[in-house]
Amino acid sequence: MIQLKDKTFEVFISHQDVSARIQTLASQISRDYAGKCPLFVAILNGAFMFAAGLLQHITIPCEITFIRVSSYEALQSSGKVTELLGLKEDATGRDVIILEDIVDSGLTMKSILGNMAAKNPASLQVATLLFKPEALRTAVELNYVGFEIPNAFVVGFGLDYDGLGRNLKDLYVLKEEQQPNVQSWG
Ligand code: IMP
């Protein structure tokens, strides 16, 4: 059990299980992209740990870069995605794989995919560590999913509560009685 500001969280998925799953995803991606040199585009801030864990187990030539977007206003997704740090690399003709920490409403991913598709990559796929199917508000295709989880608030392994908790190596979930009655989170 841990305390972040006013909220209590309990262990949800252990670091060991997260690492094992990430290794499996890395093997799949290395197999699927054999003979290619994919460009990983990790979404800051939340995906930094996922990206680091995954890239250590990618066995084919690859590149990584980072973009930063913000789509949340208070507790609800605004649906408007603002690019705070854009892509510097030329994605034209590249095999792009977006790395995201969590897909919740899907609005952020939908917008990122739209922006990336406009750069004419050879291919465009998504790997997300976590996916909340019950929270999804728009159709997005997710090619690699670490864990499908219930519509609950999670922190750790890169994910935060009000800026805190990103450093935790396990994934934690907000204790049930504290889950507010909203669909999306910031
Ligand atoms: P979406 O646009 O609703 O899919 O939101 C995606 C973003 O919301 C993620 O990249 C996270 O930054 C944030 N988010 C969604 N759910 C959670 C959660 O349970 N914990 C922490 N951040 C979350």
Side-chain angles (χ1 to χ4, degrees), residues 1-25 28 41-51 53-54 67-84 97-116 124-186:
M1 212 93 91
I2 54 138
Q3 185 81 23
L4 295 175
K5 295 195 171 164
D6 55 329
K7 300 276 188 269
T8 311
F9 296 83
E10 55 196 354
V11 174
F12 178 48
I13 307 174
S14 71
H15 180 72
Q16 201 183 352
D17 289 351
V18 172
S19 300
R21 184 69 188 130
I22 289 177
Q23 283 190 40
T24 303
L25 292 182
Q28 280 174 12
V41 178
I43 315 298
L44 294 172
N45 291 331
F48 77 98
M49 277 218 194
F50 175 44
L54 189 86
I67 62 171
R68 187 168 183 198
V69 297
S70 113
S71 67
Y72 272 64
E73 281 168 10
L75 288 178
Q76 292 254 298
S77 176
S78 65
K80 290 176 282 164
V81 175
T82 313
E83 203 171 76
L84 304 174
I97 305 174
I98 312 254
L99 300 181
E100 178 62 299
D101 55 351
I102 187 164
V103 174
D104 181 53
S105 70
L107 295 169
T108 306
M109 189 50 72
K110 180 121 190 158
S111 168
I112 290 169
L113 283 170
N115 289 344
M116 288 302 305
L124 182 56
Q125 295 209 312
V126 177
T128 183
L129 179 62
L130 302 171
F131 172 41
K132 295 182 190 171
E134 291 159 28
L136 203 63
R137 285 163 54 195
T138 181
V140 282
E141 194 185 338
L142 306 175
N143 308 94
Y144 303 93
V145 175
F147 300 92
E148 286 195 6
I149 64 167
N151 193 7
F153 191 71
V154 293
V155 294
F157 206 77
L159 291 103
D160 73 306
Y161 166 57
D162 213 5
L164 295 179
R166 294 194 197 275
N167 56 307
L168 301 167
K169 68 188 174 82
D170 301 300
L171 277 164
Y172 290 78
V173 65
L174 187 61
K175 276 196 64 122
E176 218 156 78
E177 62 271 22
Q178 298 179 85
Q179 295 281 357
N181 189 23
V182 293
Q183 280 282 305
S184 300
W185 308 71

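Source: prediction; values computed, not measured.
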>> Would Gln125 and Ile98 count as a side chain to side chain contact (heavy atoms under 4.5 Å, CB included) here? Give the steps.
In response: CA-CA 6 Å; Gln125 295 209 312; Ile98 312 254; over 6 Å; no
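- Closest approach of Phe153 to Asp160, counting heavy atoms only: CZ-O, 3.4 Å.
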>> Evaluate Ile22 against Leu129 for side chain to side chain contact (heavy atoms under 4.5 Å, CB included), listing each step before the verdict.
In response: CA-CA 8 Å; Ile22 289 177; Leu129 179 62; 4.0 Å; yes
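- Residues meeting the side-chain contact (heavy atoms from CB on, under 4.5 Å) test with Pro150, sequence neighbours left out: Phe12.
- One finds the CD atom of Glu10 at 6.0 Å from the CE atom of Met1 (value rounded to the nearest 0.5 Å).
- In terms of the side-chain contact (heavy atoms from CB on, under 4.5 Å) criterion, residue partners of Ile2 (sequence neighbours excluded) are, by chain and number, Leu4, Phe9, Leu168, Tyr172.
- Taking NZ from Lys110 and CG from Asn115, the interatomic distance works out to 12.5 Å, rounded to the nearest 0.5 Å.
- Between the Ser19 side chain and the His15 main chain, a donor and an acceptor come within less than 3.5 Å of each other.
- Here CG of Leu107 is found 11.0 Å from CD1 of Ile112. Values are rounded to the nearest 0.5 Å.
- For Gln23, the side-chain contact (heavy atoms from CB on, under 4.5 Å) criterion is met by His57, not counting sequence neighbours.
- Residues satisfying the side-chain hydrogen bond (donor to acceptor under 3.5 Å, both in side chains) criterion with Thr24, sequence neighbours excluded, are absent altogether.
- You'll find the side chain of Phe157 stays beyond 4.5 Å of the side chain of Arg166, heavy atoms only.
- Between Ile67 and Leu44 there is no side-chain heavy-atom pair separated by less than 4.5 Å.
- For the residue pair Leu164 and Lys5, the shortest heavy atom distance occurs at CD1-CG, 3.7 Å.
- A donor-acceptor pair is defined here as one N or O able to donate and one able to accept, closer than 3.5 Å; such a pair exists between the side chain of Arg21 and the backbone of Val145.
- In this structure, Val18 and Asp170 have side chains that are not in contact, with every pair of non-hydrogen atoms separated by 4.5 Å or more.
- For Asp101 against Gly46, the heavy-atom pair with the smallest separation is OD2-CA, 3.2 Å.
- From Leu124, atom CG reaches atom CE of Met116 across 6.0 Å, with rounding to the nearest 0.5 Å.
- Looking at Leu174 and Val154, their side chains never come closer than 4.5 Å, going by heavy atoms from C-beta outward.
- Between the side chain of Ser14 and the main chain of Asp17, a donor-acceptor pair closer than 3.5 Å is present.
- In this structure, Leu99 and Val41 have side chains that are not in contact, with every pair of non-hydrogen atoms separated by 4.5 Å or more.
- Proximity of Ile43 to Arg68: side-chain heavy atoms (C-beta onward) are nowhere separated by under 4.5 Å.
- Asn143 is linked by a side-chain hydrogen bond (donor to acceptor under 3.5 Å, both in side chains) to Glu141, counting only residues two or more places apart in sequence or in another chain.
- Looking only at side-chain heavy atoms (C-beta outward), Gln28 and Leu25 come within less than 4.5 Å of each other.
- In this structure, the side chain of Lys132 does not engage the main chain of Val103 through any donor-acceptor pair within 3.5 Å.
- Contact annotation: the side chain of Ile149 never approaches that of Phe131 to less than 4.5 Å [non-hydrogen atoms, C-beta and beyond].
- With sequence neighbours excluded, no residue satisfies side-chain hydrogen bond (donor to acceptor under 3.5 Å, both in side chains) with Gln16.
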> Going through the distances and angles, do Glu100 and Met109 end up as a side chain to side chain contact (heavy atoms under 4.5 Å, CB included)?
Replying inline: CA-CA 8 Å; Glu100 178 62 299; Met109 189 50 72; 3.4 Å; yes
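- Residues forming a side-chain hydrogen bond (donor to acceptor under 3.5 Å, both in side chains) with Asp6 (at least two apart in sequence, or on another chain): Tyr161.
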>> Evaluate Leu130 against Leu159 for side chain to side chain contact (heavy atoms under 4.5 Å, CB included), listing each step before the verdict.
In response: CA-CA 10 Å; Leu130 302 171; Leu159 291 103; 4.0 Å; yes
